[in-house]
Number of protein chains: 2
Amino acid sequence: MKKQLIKHEQCHMRDKCLKYDICPMLQVQKIVAGKWKILILWYLSYSPLRFSDIKSKLPDVTQKMLTQQLRSLEEDNMIYRKVYPVVPPKVEYGLTDLGKKLIPILEMMHGFGAEYLVQELDKESSVD
Amino acid sequence: MKKQLIKHEQCHMRDKCLKYDICPMLQVQKIVAGKWKILILWYLSYSPLRFSDIKSKLPDVTQKMLTQQLRSLEEDNMIYRKVYPVVPPKVEYGLTDLGKKLIPILEMMHGFGAEYLVQELDKESSVD
DNA sequence: CACATTAGTTCCCTTTTGGGTACTATAATA
DNA sequence: TATTATAGTACCCAAAAGGGAACTAATGTG
């Protein structure tokens, strides 16, 4: 399965975009887009998890969607999928070496989110 | 317009999630989800831009989608919108103080994307 | 008067995402 | 022998997100 190339010449850091005429930011967007991917990566950054563990941490995701998102992350080589040949089935998901490089970014995002909640939700509750 | 609260108790760093019973990661996901938001924030991190400037940097986005995404980022207080009362219209978009706190994250994402392209695209071209 | 310009909006259509239910395999358990 | 458990898949339908093209407002220019 051939990956789609993403050309992008307007990147304001294109001189740092190495030898590819592709904006790295667009690549990141492709990887991380999707309603559950950031959350999945975040949970896996702590430790590998079974399918059912991830599902229980994401109460609103359906089995079908979770499978889809996991497959997509696997295709992008962000996570691995390890099947244990047991009954009932056991499948473990975890970050690849490449995926682990996202951890500091995820941690900063978490920090930002926390700060955001403080600023924005406090602002709202004081207005109400 | 009341923002939607996002409850989430399974966050593996919930003890650091301050006083809100809301996973910050989910909040971040809400803010940066959307096909163009990360790119828009990235471009604005360099300098404020006019609507038409952003559009020209995102050749594949339609006017409607760009407007939508900008409105959404504005609602989340990540960017500001400044209308100049001139003809033809001039509207400037830029990061808010809160939005500027995303810059280091965006820069790391860019770095990750660049690294990803090197590893994954080189791997592919050597297989082909 | 016609045209260009900018930042939109509106309408309609397609694609993606999501939701529900049913179905599968296999071994252990009751 | 029927049930349970896990990690899915298949199918069908509804909702949301996204895309394309046409339209608008207001003024300056030819």
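Below, chains carry the letters A, B, ... as their sequence lines are ordered, and counting in each starts from 1. Remember, predicted model here, so these are calculated numbers, not experimental data. Values below: all heavy atoms of this structure, side chains included; hydrogens, waters and symmetry mates excluded.
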Atom-to-atom span, [atom1] of [X] to [atom2] of [N] - whole angstrom:
X      : N       : atom1 : atom2 : answer
Q69(A) : dT16(C) : CD    : P     : 14 Å
K37(A) : dT17(C) : NZ    : C1'   : 12 Å
M65(A) : dA17(D) : CE    : C1'   : 13 Å
F51(B) : dA7(C)  : CZ    : C1'   : 6 Å
R50(A) : dT6(D)  : CZ    : P     : 7 Å
D53(B) : dT6(C)  : CG    : P     : 10 Å
K82(B) : dA7(C)  : NZ    : P     : 14 Å

Short side-chain N/O contact to [N] OP1/OP2 from [X], under 4.0 Å:
X      : N       : result
K35(B) : dG19(D) : yes
R81(B) : dG8(C)  : yes
S52(A) : dA7(D)  : yes
R71(B) : dG8(C)  : yes

Atom pair CD/CE of E107(A) and M108(B) - distance to nearest 0.5 Å: 9.0 Å

Audit row: V28(A), Y116(B), side chain to side chain contact (heavy atoms under 4.5 Å, CB included) steps and yes/no: CA-CA 9 Å; V28(A) 172; Y116(B) 181 91; over 6 Å; no

Nearest-nucleotide 5' precedence on DNA chain D, Q63(B) against Q63(A): Q63(A)

Side-chain donor/acceptor contact of K64(A) with base of dG19(C) under 3.5 Å: yes

Aromatic plane relationship, Y93(B) with F51(B) - under 30° parallel, 30 to 60° tilted, over 60° perpendicular: tilted

Nearest listed nucleotide, side chain of Y93(A), among dG8(C), dG18(D), dG8(D): dG8(D)

Closest nucleotide among dG18(C), dT26(C), dT6(C) to the V87(A) side chain: dT26(C)

